[in-house]
Amino acid sequence: MSKQYSKMSREELEAEIKELRVAAQKAEAKGMINEYAVHERKILMAEAYMLDPDTFRSGETYPIANSGGESFMIKYMNGVFAWGWRDGNSGLEAVPISVLTREDRGL
């Protein structure tokens, strides 16, 4: 049984991300789109645990990475998840903080 991301050190998370990227590349090369998507989501989750949730603020709006210009307004934080609204949507949803871009992260 693998260790939970929340229990991993930064070095363990980096190693996990590296392994997942290799697995994602292999799945993509084999045309296994669903498996590729699973690995990509796991990468986003591992990356979220490498960030400090306290640097994200309720009431602020952040661009969503690789979304074609969509943004996300945070209502509240719960661990490494930001709960709020995507542009033009009225439904509350949660996204891992790793998908939110910040100027000071260089993204």
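For this chain, numbers begin at 1 and follow the sequence in order.
- For T101 against Y62, the heavy-atom pair with the smallest separation is O-CD2, 3.7 Å.
- To the nearest 0.5 Å, atom CH2 of residue W85 and atom CD1 of residue I74 are 11.0 Å apart.
- Not counting sequence neighbours, Y5 has no partner by the ring pair (Phe, Tyr, Trp, His ring centres under 6.0 Å) test.
- When hydrophobic clusters are built by joining Ile, Leu, Val, Met, Phe, Trp and Tyr residues whose side-chain heavy atoms come closer than 4.5 Å, directly or via intermediates, V80 is grouped together with I64.
- At a threshold of 4.5 Å between side-chain heavy atoms, the hydrophobic network of Ile, Leu, Val, Met, Phe, Trp and Tyr places M32 and V38 in two separate groups.
- One finds the CD1 atom of I17 at 12.5 Å from the OH atom of Y49 (value rounded to the nearest 0.5 Å).
- Heavy-atom contacts from other residues, nucleotides or ligands closer than 6.0 Å to CG of D52 number more than 12.
- Side-chain atoms of E60 do not come within 3.5 Å of backbone N or O of R57 as any donor-acceptor pair.
- Interatomic distance, NE2 of H39 versus CD1 of I43, reported as 8.5 Å (0.5 Å rounding).
- A donor-acceptor pair is defined here as one N or O able to donate and one able to accept, closer than 3.5 Å; no such pair exists between the side chain of N89 and the backbone of G91.
- Taking the side chain to side chain contact (heavy atoms under 4.5 Å, CB included) definition, one finds that N78 meets it with Y76, W83, sequence neighbours left out.
- Placement of L13 and V22 in two distinct hydrophobic clusters is found when ILVMFWY residues are connected by side-chain heavy-atom separations under 4.5 Å, directly or transitively.
- In this structure, the side chain to side chain contact (heavy atoms under 4.5 Å, CB included) partners of Q4, at least two apart in sequence or on a different chain, are S6, K7.
- Counting only residues at least two apart or in different chains, side-chain hydrogen bond (donor to acceptor under 3.5 Å, both in side chains) contacts with residues 17-33 comprise R21-E47.
- Within the structure, salt bridge (charged side-chain N to carboxylate O under 4.0 Å, His left out) contacts touching residues 66-89 (residues at least two apart or in different chains) are E70-R86, R86-E93.
- Side-chain N or O atoms of S98 include one that pairs as donor or acceptor with a backbone N or O of L44 at under 3.5 Å.
- Closest heavy-atom contact between F81 and A94: CD2-CB, 4.1 Å.
- Legend: residues meeting salt bridge (charged side-chain N to carboxylate O under 4.0 Å, His left out) with E40, ordered by chain and number and at least two apart, are absent.
- Looking at heavy atoms from C-beta onward, I97 lies out of side-chain contact with T55 at the 4.5 angstrom threshold.
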